[in-house]
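Working notes for the structure below.
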Number of protein chains: 2
Amino acid sequence: MESSPKRMPTLDEVAQRAGVSRTAASRVINNAPHVSRAKREAVERAVRELGFVPNPTAQALATRRVGAVVLAVSSDEPGLFADPFFAEVIVGVSAALEQTDLELILLLANTPRGRDRLERLLRSRRADGVMLMALRGDDPLGRLAEQTDLPVVFGGLPLTGEPRWYVDADNRGGARLAAEHFVRTGRRRPAMITGQLDTQVAAARERGFTEGLALAGVPLLGVEAGDFTEDGGAAAMERLLAAHPAPDALFTASDAMAIGALRTLRTRGLRVPEDVAVIGFNDLASARHTAPPLTTVHQPVRSLGREMARMLVGAIEGNDPGPLILPTRLTVRESAPDVPTEA
Amino acid sequence: MESSPKRMPTLDEVAQRAGVSRTAASRVINNAPHVSRAKREAVERAVRELGFVPNPTAQALATRRVGAVVLAVSSDEPGLFADPFFAEVIVGVSAALEQTDLELILLLANTPRGRDRLERLLRSRRADGVMLMALRGDDPLGRLAEQTDLPVVFGGLPLTGEPRWYVDADNRGGARLAAEHFVRTGRRRPAMITGQLDTQVAAARERGFTEGLALAGVPLLGVEAGDFTEDGGAAAMERLLAAHPAPDALFTASDAMAIGALRTLRTRGLRVPEDVAVIGFNDLASARHTAPPLTTVHQPVRSLGREMARMLVGAIEGNDPGPLILPTRLTVRESAPDVPTEA
DNA sequence: CAGAAAACTGGAAGCGCTTCCACTTCTCCG
DNA sequence: CGGAGAAGTGGAAGCGCTTCCAGTTTTCTG
């Protein structure tokens, strides 16, 4: 029933009404040169009177420019996207795209079917470029993405090598800050909960933390792998406590996991920060409202989104913007205060 | 430099290689009837050999079906989208769309420019349908959306009247549950922090709460308007405390505002739930991790997204799925426990 | 086995816009 | 005032695919 779309006026009708050729009309709506003032005005009037809006599909077909880019979030964790991290990225991406006339296609590729669609999307020129986030290490998508001739910007490095275009946060440096903070505040039995290590982010954070401790000569008590989710963090904390003598500091590769760990610590009757100091990673809104408020490595998530989009736009326009590493810093709150706590 | 896209094989080439007409080839890739088995196989082979993928733009132009729908989030609060609520909606929408071959275009229309784009999008047949969320009361977008002949599904009722298609949570009923819970647990001085009242959600929640109290004969101590954000909630709480003698219960129209209110209460030295019981609305992940964990009205956010998408798909296909109201329920946690607390 | 219905086939006309190209008309300056 | 170069103009050929239509071939019935 709804299937008889009111016919929209076409460029031909505009041209006819304005008494000019379609070519001229086209020039006007794209405000290209080589149109006399008179005709230009005539066309503009006709456009107004008819309520003409160019059909983007037809434009796309003729120009071979779709006018859209995709942001693909690829992961195995179906719930991962719920992490406010992505919302923040999207806000950044969206803000940058708003300056252009590119639409944003969002693709959650966490099921086999979703991946197929992403693959198809990549091959079919349905978008002018792609931003790819959260690739697992063995994800074939990265390579696929690079094979296509579409510009692809990675959000965070894939494990499969350094792509031509990417923007990432300084994960390694940030994790190192966490280590240094622990050392500085007198913690000597630090442990860590990582993300999936087949992920570049997780690996970089693990590496940075280890490095930081090594430099200070403090041994790492233990490491457990989480999955960036809260429940994963809680479980990892259980394992950590079971396997190792009481740690006095914990660094997690994400705030979500820190929150999970806090839960476990509370259950176990361990006090934060008195018994265990905790540092997370991300510093999104939720970190401010844990009990106690979370000390965490801050990364500029919105900027990350913004820069990804900008880089992609640049690439589409034929520039070759280099990769970009965004700085991280430590946000100190009560879960790992600046001064050593009396235990 | 990137501007010379490797030419993709076209349907013509496939047809030629398979020794059939383009018509036949087209039928095969759309697996339409009226193609002999032999030709079908020939075409399939050619497709495989050439790595042919149909060009969606050309298909769209020919069929007048774009193969994409947009999810527009319209608001004045630039930060609103960061609310995990939307992430959850998107997950639902995305899950539903995955069953179809529709792409999801995400549009954050929180700036004037963004609104322009949305308007243009609506007029230009760049999508086959639209899901619209978080309209402000006076938002002209709603009406605009209905004027276009594109199917439009609303997420949450707009104030401007009941649209043909929408899905909403039972906000009024949920708020009523909160009121009843307070009454049942002996609270007699309840206050409320609402959202922007020019918003249907906020209005419905306010109304439900008021109603619930009225039915039990308990007077509402005071009301302050927030803006669905955490900071707004904190500020509203300040005003509430300044304007009214100590409330013993607080209902907020969102978890975010509840979290803000908790902060203020803590600062003011008021204990939750002993001095003030608190109930929020939404029940997303964050509600579990406040201190104390938040009692809140649960709404099935992911389902909301899923159902919006399903409804839209139905509408696009020419059905007329009626509106849908999703149930809400109370999730009881420590901020407003089931048994009256000794004060 | 005749005749009708059902299944195939492919040519051609679009879908709505851009852009190359071959002209025609102005402008400007020595 | 003549001629070169810039500006303006519109016809026509696409962009890559779908689909109507007219005709051809098969397959079924009775």
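Naming convention: chains lettered A, B, ... in sequence-line order (proteins, then strands); numbering from 1 in each chain. Since we're looking at a predicted model, the values are computed, not measured.
The CD atom of B:Q16 sits 15 Å away from the C1' atom of D:dG16 (whole-angstrom rounding). Spacing between atom CG of B:N30 and atom P of D:dG16 amounts to 17 Å, rounded to whole angstrom units. Distance CZ (A:R64) to P (C:dC17): 18 Å, rounded to an integer number of Å. A:R126 has its CZ atom 21 Å from the P atom of D:dC15, to the nearest Å. As a whole-Å value, the separation of A:R22 CZ from C:dG16 P is 11 Å. Atom CZ of B:R37 and atom P of C:dT9 are 13 Å apart (whole Å). For A:L61 and C:dG16, the CG to P distance is 12 Å, given to the nearest whole Å. What separates CZ of B:R65 from C1' of D:dC17 is a distance of 16 Å, to the nearest Å.
Contact between the side-chain N/O atoms of B:S21 and the OP1/OP2 oxygens of C:dT9 is not found at any separation under 4.0 Å. Within the structure, a side-chain polar atom (N or O) of B:S36 is placed less than 4.0 Å from OP1 or OP2 of C:dT9.
The pair B:E41-B:R37 meets the salt-bridge criterion, since a charged nitrogen lies less than 4.0 angstrom from a carboxylate oxygen. Comment: B:E98 does not engage A:R117 in a salt bridge, judged by the lack of any side-chain N to carboxylate O separation of less than 4.0 angstrom. A salt bridge links B:R302 with B:E88: the distance from a Lys NZ or Arg NE/NH1/NH2 to an Asp or Glu carboxylate oxygen falls below 4.0 Å. Salt-bridge formation is detected for the pair A:D149/A:R125: a Lys NZ or Arg NE/NH1/NH2 atom is positioned less than 4.0 Å from an Asp or Glu carboxylate oxygen.
Side-chain atoms of B:R40 and B:N31, non-hydrogen and from C-beta on, do get closer than 4.5 Å to each other.
Remark on DNA chain D: of its neighbouring residues A:H34 and B:N55, the 5'-side contact belongs to A:H34, judged by nearest-heavy-atom nucleotide. With the nearest nucleotide of DNA chain C identified for both B:A62 and B:R27, B:R27 has the one nearer the 5' end.
Out of D:dC17, D:dT19, C:dT9, the shortest distance to the side chain of B:T23 is found at D:dT19.
Across all strands shown, B:S26 has heavy atoms under 4.0 Å from base atoms, whether or not it also approaches the sugar-phosphate.
Between the base of D:dG8 and the side chain of A:R40 there is no donor-acceptor pair shorter than 3.5 Å.
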